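Here's the structure we're looking at; comments come further down.
Please read all numbers here as calculations on a predicted model, not as lab measurements. The chain is numbered in sequence order, starting from 1.
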Amino acid sequence: MSPLDQVVAEVMARVQLDVQRGAVFHDDRHGADDWLCVLRGKIDGLTAIVVDGAMAGCCLLPGGQYVSYRGILLDIAALAIQAVQSWDRLEGRRT
């Protein structure tokens, strides 16, 4: 498996896990502004890692949970896919 295929597989596994948890119903209740807020929050998490962790690769959140730079990037990719899928479903319902 190529490095790109590996990353795509990891992102899609995150998307599928959310689908199994019922995220489709939840996702479709959100508009573009909501998605922007969620994605911005994840990007802010990357900023914390870069600034606070000096690119150490991980950061300790206030709740005591460690997050990795790579993990947040994968989360952002999965969220972006879910946002596009939700948008497509909602646009399909409007036509």
Requested in this report: Just do the side-chain contact (heavy atoms from CB on, under 4.5 Å) check on I76 and L46 with the steps written out, would you?
Outcome: CA-CA 10 Å; I76 290 169; L46 286 177; 3.6 Å; yes
Do you know which two heavy atoms are closest between [X] and [Y], and how far apart they sit?
X: L79; Y: K42; result: CD1-CG, 3.7 Å
X: R14; Y: A78; result: CB-CB, 3.9 Å
X: H30; Y: W35; result: O-NE1, 3.9 Å

Kindly work out whether a path of hydrophobic side-chain contacts (I/L/V/M/F/W/Y, heavy atoms less than 4.5 Å apart) joins [X] to [Y].
X: L74; Y: V8; answer: yes
X: M12; Y: L4; answer: yes
X: I43; Y: V38; answer: yes

Query raised in the report: Could you state the interatomic distance from OG (S68) to CG (L73), rounded to the nearest 0.5 Å?
Result: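 Atom-to-atom, S68:OG and L73:CG are 8.0 Å apart.
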Report task. Decide yes or no on side-chain contact (heavy atoms from CB on, under 4.5 Å) for E10 and D5, but give the supporting numbers first. Result -> CA-CA 9 Å; E10 288 181 61; D5 291 338; over 6 Å; no
Report task. Applying side-chain contact (heavy atoms from CB on, under 4.5 Å), run through I81 and Q85 and close with a yes or a no. Result -> CA-CA 6 Å; I81 289 170; Q85 290 175 328; 3.9 Å; yes
Query - Criterion side-chain contact (heavy atoms from CB on, under 4.5 Å) against D18, the qualifying member of Q16, R21, Q20 - result: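 Considering Q16, R21, Q20, a side-chain contact (heavy atoms from CB on, under 4.5 Å) with D18 is found only for R21.
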Query raised in the report: Would C37 and D33 satisfy side-chain contact (heavy atoms from CB on, under 4.5 Å), going step by step from the backbone distance to the final call?
Result: CA-CA 6 Å; C37 286; D33 289 341; 5.6 Å; no
Query raised in the report: With sequence neighbours left out, what residues match D27 under side chain to side chain donor-acceptor pair (under 3.5 Å)?
Result: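 So D27 forms no side chain to side chain donor-acceptor pair (under 3.5 Å) with any residue.
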